[in-house]
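What follows is one structure encoded as structure tokens, with my remarks underneath.
In what follows, residues are counted from 1 in the order of the sequence shown. Both counts, for ligands and for their atoms, begin at 1 and track the order of listing.
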Amino acid sequence: MKNIILCGFMGCGKTTVGKILAQKTGMQFVDMDKYIEEQENISVSEIFKKFGEQYFRDLEHNVCCEFADKSGYIVASGGGALTFERNVKAFKGKDKIILIGVPVEVLAERLKNDTTRPLLQRPDKEQAMKDLYDKRMPIYLNACSIAVDGVENPNAVANLIMATAGLKRKNPQKFKG
Ligand code: S3P
């Protein structure tokens, strides 16, 4: 197995859980949005504003292809990335795609004050989120090979992923006797 790709809706914990997984496994961590922002020297919000969503989706696709060619990474994908067939295709078969599932009501609460996600900056935010969630969940489920419940605290979710995906800890504790 080459990489672990974390997918799921905005706010499900891909970045937080991914960082913990990287610590536990010793694998490298990359957050796709942050990677794009560093490469382009501009925030995701600004990219949407200045160049439009399609431009962002193309950058996102390039990053998917780039990391599909690497190994040993925990990749926190952007919430939209794995809803596109071309990105799923880049990873599938080689990498393990893991969905972090969180009910939309919990996500709405987590994201109620968020100002960084361009798709959620609208007056009908809650309804738009629900519509997008309903549209995307079946796509995520189809793309992933493992789905875990992401409602617990991030460390518990990371442990669940470790166990479910059979990931090995770096420096496993040695027990005497
Ligand atoms: C998006 C999710 C965001 C970011 C962009 C678009 C989406 O990532 O890639 O705002 O389409 O769901 P997070 O899931 O990390 O918030």
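- Using a 4.5 Å cut-off on side-chain heavy atoms (C-beta onward), Asn155 and Lys24 make contact.
- Gly80 N, 3.9 Å is the protein heavy atom nearest to atom 1 (C) of ligand 1.
- Atom 11 (O) of ligand 1 has its nearest heavy-atom neighbour, among Arg117, Arg57, Met10, in Arg57.
- When only interatomic distances are considered, the shortest N/O to N/O separation between Thr116 and ligand 1 does not fall below 3.5 Å.
- Taking every non-hydrogen atom of Phe56 and a distance limit under 4.0 Å, the qualifying atoms of ligand 1 come out as 9 (O).
- Taking 4.0 Å as the cut-off between side-chain N and carboxylate O, Glu37 and Lys34 do not count as a salt-bridged pair.
- Using a 4.5 Å heavy-atom cutoff, the side chains of Asp33 and Phe56 are in contact.
- By the 3.5 Å distance cut-off applied to N or O atoms, Gly79 is counted among the residues near ligand 1.
- Inter-residue side-chain proximity for Tyr55 and Lys50 is flagged as unmet; no heavy-atom pair is nearer than 4.5 Å.
- Taking each of Leu6, Val44, Asp33 in turn, the one with a heavy atom nearest to atom 3 (C) of ligand 1 proves to be Asp33.
- Counting only N and O atoms by type, the side chains of Asp58 and Gln54 include a donor and acceptor under 3.5 Å apart.
- Considering each of Lys14, Met32, Arg136, the one bringing a non-hydrogen atom nearest atom 12 (O) of ligand 1 is Arg136.
- Contact check for Met137 versus Val104: no side-chain heavy atoms found under the 4.5 Å cut-off.
- Closest to atom 10 (O) of ligand 1, if we only count protein heavy atoms, is Pro118 CD, 3.5 Å.
- A pairwise comparison of heavy atoms in Leu141 and Ala147 identifies CD2-CB, 4.3 Å as the closest pair.
- Only the side chain of Leu119 comes within 4.0 Å of ligand 1, counting heavy atoms alone; its backbone N, CA, C and O stay farther away.
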